[in-house]
> 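One structure, pasted below without further comment.
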Amino acid sequence: MDIDVLNEKQKEAVLKTEGPLLVLAGAGSGKTKVLTTRIAYLIREKKVDPSSILAITFTNKAAKEMKYRIIGMLGPIGYSIMICTFHSFGLSILKEQYALLGYKENFTILDSDDTLTVVKKIMKEMNIDSKMYNPKAIRNAISSAKNELMTALDYEKYVNSDFSEKVLKVFKLYEQKLFHNNSIDFDDLLVLPITIFRKHPDILKAYQERYFYVLIDEYQDTNEAQYLLSKFISAKYKNICVVGDESQAIYSWRGANYRNILNFEKDYDNAEVILLEENYRSTQTILNAANDVIKNNTERKEKNLWTTNEEGLKINYHRAYDEMDEAYYVAREIKKLLEEGISKSEIAVLYRTNAQSRMMEEVLLRENIPYKVVGSVYFYNRKEIKDLISYLKLLYNEYDDTSLLRVINTPKRGIGLKTIADLSLKATHEQKSIYEVIDHGKELQFKNLIESLKKETEHLSITELVEVILEKTGMRKEYESEKSLEGEVRLENLEEFKSITKTFEQEHGIISLREFLDEISLVSDIEEHKANDDVVTLMTIHSAKGLEFENVFLIGMEENLFPHTKYECGKSELEEERRLCYVAITRAKKHLWFLNAKKRLVYGMDASNPPSRFIREIREDCLLKDEIEPIVSKDFSLNIDENISYSLGDKVFHEQYGSGVVIDINSSIVTIAFEYPYGVKKMIKGHKSIRKVS
DNA sequence: AGAGGCGAATTTTTT
DNA sequence: ATTCGCCTCT
């Protein structure tokens with residue numbers, strides 16, 4: 001553990017172990033290093049019991065990274081430290097205290113799709129028109145209310161419109177329904193522990209004593225519930241260290257309140273504040289640009305990033321003709337970088353909205369530059385996977401109506417809408433779950449099937465159980481008998497799921513269904529276990545938070561797009577956009593490019609936006625305007641056979657990857673699933689390397 | 001139950 | 001421009 005490699009401020013942050021501490025850590029100032037060293041110091045020097053340390057992060061990825069680094073420093077003892085996300089911390093409490101709130105041990109967690117389904121169902125039952133009131137909006141309103149720690153009862157006081165009146169109605173039933181289903185949503189993972197703590201001071205006390213030292217990462221992103229949970233847990237010993245940077249608060253639209261970090265000193269008497277302003281990541285030029293932009297925000301703590309790094313390259317600024325020209329400029333610059341021997345994994349293209357990735361993808365495909373789009377398709381979101389997970393959830397918690405409804409007629413077993421409606425009505429009426437009220441007909445056969453599978457869970461591993469489910473529910477047969485290529489792909493996905501469970505079991509030993517379900521409920525996607533993929537990264541600025549790349553292209557630097565002003569543009573919204581810009585700029589270590597276009601298609605209409613105000617906020621000598629001839633090129637025909645149309649399920653043959661199936665088509669890109677080991681690839685329509693086979 | 005047509009919406013995303 | 005959800009028709 002190298003305390004000596006830390007700078008003075010970082011050292012202070014490590015050594016001040018007692019009492020409330022606020023570490024304002026600018027971008028690239030070694031925040032994670034401080035956190036991990038601090039934990040190592042507590043254990044090694046202060047002889048603190050690892051199990052009395054609680055470190056909370058926002059994402060699984062961050063938690064994993066921190067754990068990995070700690071274990072690197074301390075060895076296996078690191079495993080016994082509670083390093084987790086807010087939600088998994090909440091779950092750990094609920095697993096111990098569920099009974100206090102009347103839940104049964106086998107409660108399950110609904111994801112945001114599931115909760116939407118519940119909301120829709122309730123709206124239907126209550127005859128609320130889903131055209132007049134958007135179910136998603138209602139779900140979000142409920143979720144926001146819960147994160148503000150409002151119960152349905154509290155919400156009543158805030159009803160001031162038609163919409164909120166409907167929200168209230170749905171909210172009440174929603175909470176009832178979840179309870180009767182013995183299930184909870186993501187928000188409950190934060191809210192219910194707080195409810196318990198408020199009701200049972202003795203239990204709160206026990207947790208306070210268990211976690212003597214508390215660390216919270218990304219404190220600027222805490223919402224009310226998370227804020228309060230942090231406060232409760234550390235209220236007794238007040239050994240709370242929060243780390244964050246209000247300049248990087250970009251989730252206020254999700255209920256995060258960066259004032260939590262600005263108010264830390266008011267919340268905790270004698271709080272010490274340490275500023276980490278030395279940046280180890282970027283060049284002076286990049287930091288100047290970042291500072292120039294962020295200083296236009298009013299609500300922030302004065303902070304000025306500096307570095308001893310060299311001045312570095314200027315920021316290239318290119319105003320392209322249109323979005324295609326913009327993408328081509330980026331592709332050309334990337335090619336230059338690759339020729340210089342720069343690794344693709346050190347190149348990122350960042351944008352404000354997902355829609356912008358499209359043209360970029362198309363051009364990178366045409367130019368044969370390997371890339372990945374972060375956060376596009378979620379494995380767990382595929383239909384067949386969700387169905388399978390629903391079976392698992394139902395086996396664990398038969399009261400889970402959401403899962404039951406998903407699979408009761410999947411694959412088809414002749415249980416129609418009428419039957420389902422009747423069952424739902426009966427269940428609502430008797431305040432029971434659907435499973436409980438099933439007593440005859442084909443649905444009883446289904447119930448018996450579930451009962452027999454439940455028996456199997458006792459002596460099978462998860463992988464074996466999945467196999468039995470695929471067989472006995474007829475899922476496998478269904479897809480096999482389709483004799484369609486789509487069915488084949490779905491079967492492959494299910495096989496892939498089995499390899500996930502297998503890996504999981506190899507890593508964790510024999511695990512219970514509960515452990516497995518918890519894991520997949522709280523992890524949004526599987527590990528990107530294609531490790532050594534050296535490719536260019538495309539992603540939104542939001543997803544780029546916490547990451548760094550030597551070379552960063554920031555595209556769409558235009559008014560209306562970034563800052564984004566689709567709806568209203570209030571001062572606070574603009575400031576959040578500016579923080580987002582700050583985050584984007586500070587991702588770059590060595591070289592940064594700004595791109596925009598004189599005109600582009602927005603919602604199918606020509607739009608021409610002036611350059612982003614953020615560019616103007618940067619001192620001029622940081623920027624190098626690059627004026628080159630626009631590529632107004634029509635000769636994309638290179639390697640392309642025109643007029644080839646595709647439909648889903650078409651069989652194709654690729655000279656390198658062999659035979660494959662078209663699984664997605666969008667304007668000029670086809671997605672093709674090739675056989676093992678090539679997998680799913682995107683290609684430009686009509687590329688000469690692929691041909692259709694009949 | 002599945003295909004086709006129409007209208008509406010279209011920032012950011014984790015858990 | 002395109003996607004998505006809902007509706008109707010086979």
> How many whole angstroms separate atom CZ of F186(A) from atom C1' of dT14(B)?
8 Å
> With S144(A), which residues qualify under side-chain contact (heavy atoms from CB on, under 4.5 Å), at least two apart?
none
> Taking atom P of dT14(B) as reference, at what distance in whole Å does atom CG of L190(A) sit?
16 Å
> Do the rings of Y251(A) and H542(A) sit parallel, tilted or perpendicular, given the 30° and 60° boundaries?
tilted
> Could you tell me which residues satisfy side-chain contact (heavy atoms from CB on, under 4.5 Å) with S608(A), sequence neighbours excluded, listed by chain and number?
K599(A)
> Could you pull out all residues at least two apart from D188(A) that satisfy salt bridge (Lys or Arg N to Asp or Glu O under 4.0 Å)?
K146(A)
> C1' atom, dG5(C) versus dT12(B): distance in rounded Å?
23 Å
> Does the side-chain ring of W253(A) sit on the six-membered ring of the dT12(B) base, less than 5.5 Å centre to centre and under 30° in tilt?
yes
> Could you tell me which residues satisfy salt bridge (Lys or Arg N to Asp or Glu O under 4.0 Å) with R139(A), sequence neighbours excluded, listed by chain and number?
none
> Separation of Q226(A) atom CD from dT15(B) atom C1', in whole Å?
9 Å
> When the distance from CZ of R579(A) to C1' of dT12(B) is rounded to whole Å, what number comes out?
13 Å
> Rounded to whole angstrom units, what separation is found between the CG atom of D185(A) and the P atom of dT14(B)?
17 Å
> Find the distance R352(A):CZ to dT12(B):P and express it as a whole number of Å.
7 Å
> Identify whether a stacking contact exists between Y603(A) and dT10(B), where the ring centres must be under 5.5 Å apart and the planes under 30° apart.
yes
> Using a 4.0 Å cut-off to any heavy atom of chain A, which nucleotides of DNA chain C are the first and last in contact, reading 5' to 3'?
dA1(C) to dT3(C)
> Expressed as a whole number of Å, how far does the P atom of dT13(B) sit from that of dC4(C)?
15 Å
> Once you round it to whole Å, what is the distance between P of dT15(B) and CD1 of I109(A)?
13 Å
> So does K136(A) have more than 12 non-hydrogen atoms from other groups sitting under 6.0 Å from NZ?
no
> With sequence neighbours excluded, what pairs up with P610(A) under the side-chain contact (heavy atoms from CB on, under 4.5 Å) test?
E559(A)
> Check this one for me: any side-chain N or O of Y251(A) less than 4.0 Å away from OP1 or OP2 of dT11(B)?
no
> Starting at atom CD1 of I56(A), determine the distance to atom C1' of dT15(B), rounded to an integer number of angstrom.
13 Å
> List in chain and number order the residues that pass ring pair (Phe, Tyr, Trp, His ring centres under 6.0 Å) with Y582(A), two or more places apart in sequence or in another chain; answer none if no residue qualifies.
none
> Report the residues that fulfil side-chain contact (heavy atoms from CB on, under 4.5 Å) with L601(A), sequence neighbours left out, ordered by chain and then residue number.
E323(A), D606(A)
> Applying ring pair (Phe, Tyr, Trp, His ring centres under 6.0 Å), name anything that partners F549(A), two or more places apart in sequence or on another chain.
none
> Looking at F107(A), does the NZ or CZ of R514(A) lie under 6.0 angstrom from its six-membered ring centre and within 45 degrees of the ring axis?
yes
> Hey, can you pull the residues of residues 124-141 of chain A with a non-hydrogen atom under 4.0 angstrom from DNA chain B?
none
> Can you tell me which nucleotide in dT15(B), dT13(B), dT11(B) comes closest to the side chain of H542(A)?
dT13(B)
> Where do N or O atoms of nucleotides 1-3 of chain B meet protein N or O atoms at under 3.5 Å, pair by pair?
| unit_1 | atom_1 | unit_2 | atom_2 | d |
| --- | --- | --- | --- | --- |
| dA1(B) | OP1 | N409(A) | ND2 | 3.4 |

> Could you check whether D111(A) gets within reach of a base, just the sugar-phosphate, or nothing at all, counting any heavy atom under 4.0 Å?
nothing
> Taking only the side-chain heavy atoms of T353(A) (C-beta and beyond), determine which of dT13(B), dT11(B), dT15(B) contains the nearest atom.
dT11(B)
> Side-chain N or O of T85(A) versus OP1/OP2 of dT14(B): is the shortest distance under 4.0 Å?
no
> Under 4.0 angstrom, heavy atoms only, what part of the nucleic acid is R358(A) near: base, sugar-phosphate, or nothing?
sugar-phosphate
> Please determine whether a side-chain nitrogen or oxygen atom of N354(A) lies at a distance below 4.0 Å from atom OP1 or OP2 of dT11(B).
no
> Quick one: list whatever passes salt bridge (Lys or Arg N to Asp or Glu O under 4.0 Å) with K393(A), sequence neighbours left out.
D114(A)
> Pick the closest DNA chain B nucleotide for F86(A) and for L580(A) by heavy atoms, then say which residue is nearer the 5' end.
L580(A)
> Any idea which of dT11(B), dT13(B), dT15(B) is nearest the S112(A) side chain?
dT15(B)
> For K442(A), does the NZ atom have more than 12 heavy-atom neighbours from other residues, nucleotides or ligands under 6.0 Å away?
no
> Taking the same atom, C1', in dT3(C) and in dT14(B), what whole-Å distance lies between them?
24 Å
